[in-house]
Asks: 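Take a look at this one; I'll ask things after.
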Amino acid sequence: MVIRPIQVEDTESFFSMMCFLDNETPFMMYEPDERKKTTDATELRKKIDEAISMGDFLLIAEESNNVVGYIWAEKGRMNRILHTAYIVVGIREAYQHQGIGTNFFRELDEWAQENGIVRLELTVECANTAARHLYEKNGFVVEGRRMKSMKIGDEFVDELYMAKLL
């Protein structure tokens, strides 16, 4: 298992992994096959290039040249939120509970301190106990609940707003 910064050349493998996650778990933003209808690899390539050029944090976990997980922290762009970063994490189910998330967050903390980030924040569906445990283990606390923030099938789902102050 290799954990490393993403390169623009990783776009295809990264896009495939994200689509796989969309189909594997209800805990990501996109529904199954929705990403393929609304996004393409070219658009994702532009986002990755922008993230790299803006100094955002984007790591991938890779096994046998296949991306199996990622963490993406986007720094605040406006002056009043330059000290913050919003995080999205995705790890394929077969690769969870192997230390990838812990390594991601250790690297994230180092990056945050080097870049003057004081606040890390994310949202997590209330039912996603594995992710919530990972976040709490890495110092995140619940700040609030976003009621009916998502709709999965016919049911509304609440999310927790979590943050870590450095």
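Starting from 1, each residue takes its place in the sequence as its number.
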Asks: Heavy-atom count check: over 12 atoms from other residues, nucleotides or ligands less than 6.0 Å from Arg80 CZ?
Replies: no
Asks: Do you know the tightest heavy-atom contact between Ile52 and Ile6?
Replies: CD1-O, 3.8 Å
Asks: Might you point out which heavy atoms bring Pro26 and Glu125 nearest each other, and give the distance in Å?
Replies: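 The answer is O-OE2, 3.0 Å.
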Asks: Report the C-alpha separation of Val142 and Tyr161 in whole Å, then their side-chain angles, then the decisive distance to 0.1 Å, and conclude whether the side chain to side chain contact (heavy atoms under 4.5 Å, CB included) test is met.
Replies: CA-CA 6 Å; Val142 174; Tyr161 212 130; over 6 Å; no
Asks: Between Lys151 and Glu155, is there a salt bridge with N-O shorter than 4.0 Å?
Replies: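 Here Glu155 does not pair with Lys151 in a salt bridge, since their nearest N and O are not under 4.0 Å apart.
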Asks: Between Lys46 and Glu50, is a salt bridge (charged side-chain N to carboxylate O under 4.0 Å, His left out) present by the stated rule, with each step listed?
Replies: CA-CA 6 Å; Lys46 290 177 188 173; Glu50 178 183 340; over 6 Å; no
Asks: Quick check on side-chain contact (heavy atoms from CB on, under 4.5 Å): which of Asp109, Ile117, Val141 does Lys164 satisfy it with?
Replies: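 When Asp109, Ile117, Val141 are each tested with Lys164, the side-chain contact (heavy atoms from CB on, under 4.5 Å) holds only for Asp109.
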Asks: Any chance you could lay out the side chain to side chain contact (heavy atoms under 4.5 Å, CB included) test for Leu59 and Tyr70, step after step, and finish with the verdict?
Replies: CA-CA 6 Å; Leu59 291 184; Tyr70 75 99; over 6 Å; no
Asks: Which heavy atom in Met1 sits nearest to a heavy atom in Ala61, and how many Å separate them?
Replies: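 Residues Met1 and Ala61, closest heavy atoms: SD-CB, 4.0 Å.
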Asks: Would you say Leu120 and Leu166 make side-chain contact, with heavy atoms under 4.5 Å?
Replies: yes
Asks: Applying side-chain hydrogen bond (donor to acceptor under 3.5 Å, both in side chains), can you list everything that pairs with Asp10, at least two apart in sequence or on another chain?
Replies: Arg4
Asks: Any sub-3.5 Å donor-acceptor pair from Ser64's side-chain atoms to Asn66's backbone N or O?
Replies: no
Asks: Just so I know, are the side chains of Phe27 and Met150 near enough to count as touching, which here means a heavy-atom distance under 4.5 Å?
Replies: no
Asks: Passes side chain to side chain contact (heavy atoms under 4.5 Å, CB included), Thr123 versus Tyr86? Steps please.
Replies: CA-CA 9 Å; Thr123 58; Tyr86 184 81; 2.9 Å; yes
Asks: Output all residues satisfying ring pair (Phe, Tyr, Trp, His ring centres under 6.0 Å) with Trp111, sequence neighbours left out; order by chain, then residue number.
Replies: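 Only Phe57 meet the ring pair (Phe, Tyr, Trp, His ring centres under 6.0 Å) criterion with Trp111.
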Asks: So do the side chains of Arg77 and Met54 get within less than 4.5 Å of each other, counting heavy atoms only?
Replies: yes
Asks: Under 3.5 Å, is there a donor-acceptor pair between the side chain of Glu121 and the main chain of Met162?
Replies: no
Asks: Between Val88 and Glu74, is there a side-chain heavy-atom distance shorter than 4.5 Å?
Replies: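 With C-beta onward as the side chain, the pair stays apart.
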Asks: Would Ile48 end up clustered with Phe15 when hydrophobic side chains under 4.5 Å apart are linked, directly or stepwise?
Replies: yes
Asks: For a quick test of reading the model, state the closest non-hydrogen atom pair linking Arg132 to Val124 and the distance between them.
Replies: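 For Arg132 and Val124, the tightest heavy-atom pair comes out as N-CG2, 4.3 Å.
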Asks: Has Arg92 got its NZ or CZ under 6.0 Å from the middle of the six-membered ring of Phe20, at an angle within 45 degrees of the ring axis?
Replies: yes
Asks: Can you check whether Ile60 reaches Ile3 side chain to side chain, under 4.5 Å on heavy atoms?
Replies: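 They are not in side-chain contact.
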Asks: Can you measure from OG1 (Thr129) to CD (Glu136) and round to the nearest 0.5 angstrom?
Replies: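 Result: 10.0 Å between the selected atoms.
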Asks: If you define the side chain from C-beta out and look only at heavy atoms, does anything of Leu21 sit under 4.5 Å from Met17?
Replies: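 Yes, their side chains come closer than 4.5 Å.
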Asks: Are the side chain of Glu24 and the backbone of Glu93 linked by a donor-acceptor contact shorter than 3.5 Å?
Replies: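 Judged by distance alone, yes, a pair lies under 3.5 Å.
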Asks: Run the ring pair (Phe, Tyr, Trp, His ring centres under 6.0 Å) test against Phe140 and tell me which residues pass, sequence neighbours left out.
Replies: Phe105
Asks: With the threshold set at 4.0 Å, does a side-chain nitrogen-carboxylate oxygen contact exist between Asp56 and Lys75?
Replies: no
Asks: What pair of heavy atoms forms the shortest contact from Ile87 to Leu122, and how long is it?
Replies: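 It is O-CB, 3.6 Å.
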Asks: Do Asp22 and Pro32 make a side-chain contact, defined as non-hydrogen atoms from C-beta onward lying under 4.5 Å apart?
Replies: no
Asks: Starting from the C-alpha separation in whole Å, work towards a yes-or-no answer on side chain to side chain contact (heavy atoms under 4.5 Å, CB included) for Arg145 and Cys126.
Replies: CA-CA 9 Å; Arg145 186 179 198 106; Cys126 293; 3.4 Å; yes
Asks: Between Thr102 and Lys137, is there a side-chain donor-acceptor contact under 3.5 Å, judged purely by atom types and distance?
Replies: yes
Asks: Strictly below 4.0 Å, N to O, side chains only: are Arg119 and Glu143 in salt-bridge contact?
Replies: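 Judged by the 4.0 Å cut-off on N to carboxylate O distance, Arg119 and Glu143 do form a salt bridge.
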Asks: To the nearest 0.5 Å, what is the distance between CE on Met147 and CZ on Phe156?
Replies: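 So the gap between those two atoms works out to 12.0 Å.
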Asks: Between Leu108 and Ile71, what is the shortest heavy-atom contact and its length?
Replies: CD2-CD1, 4.0 Å
Asks: So, do Arg45 and Glu12 sit near enough that their side-chain heavy atoms are less than 4.5 Å apart?
Replies: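 Result no, sub-4.5 Å side-chain heavy-atom pair not found.
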Asks: Check the hydrophobic clustering (I, L, V, M, F, W, Y; side-chain heavy atoms under 4.5 Å; chains of links allowed) and say if Leu134 and Leu160 are grouped together.
Replies: yes
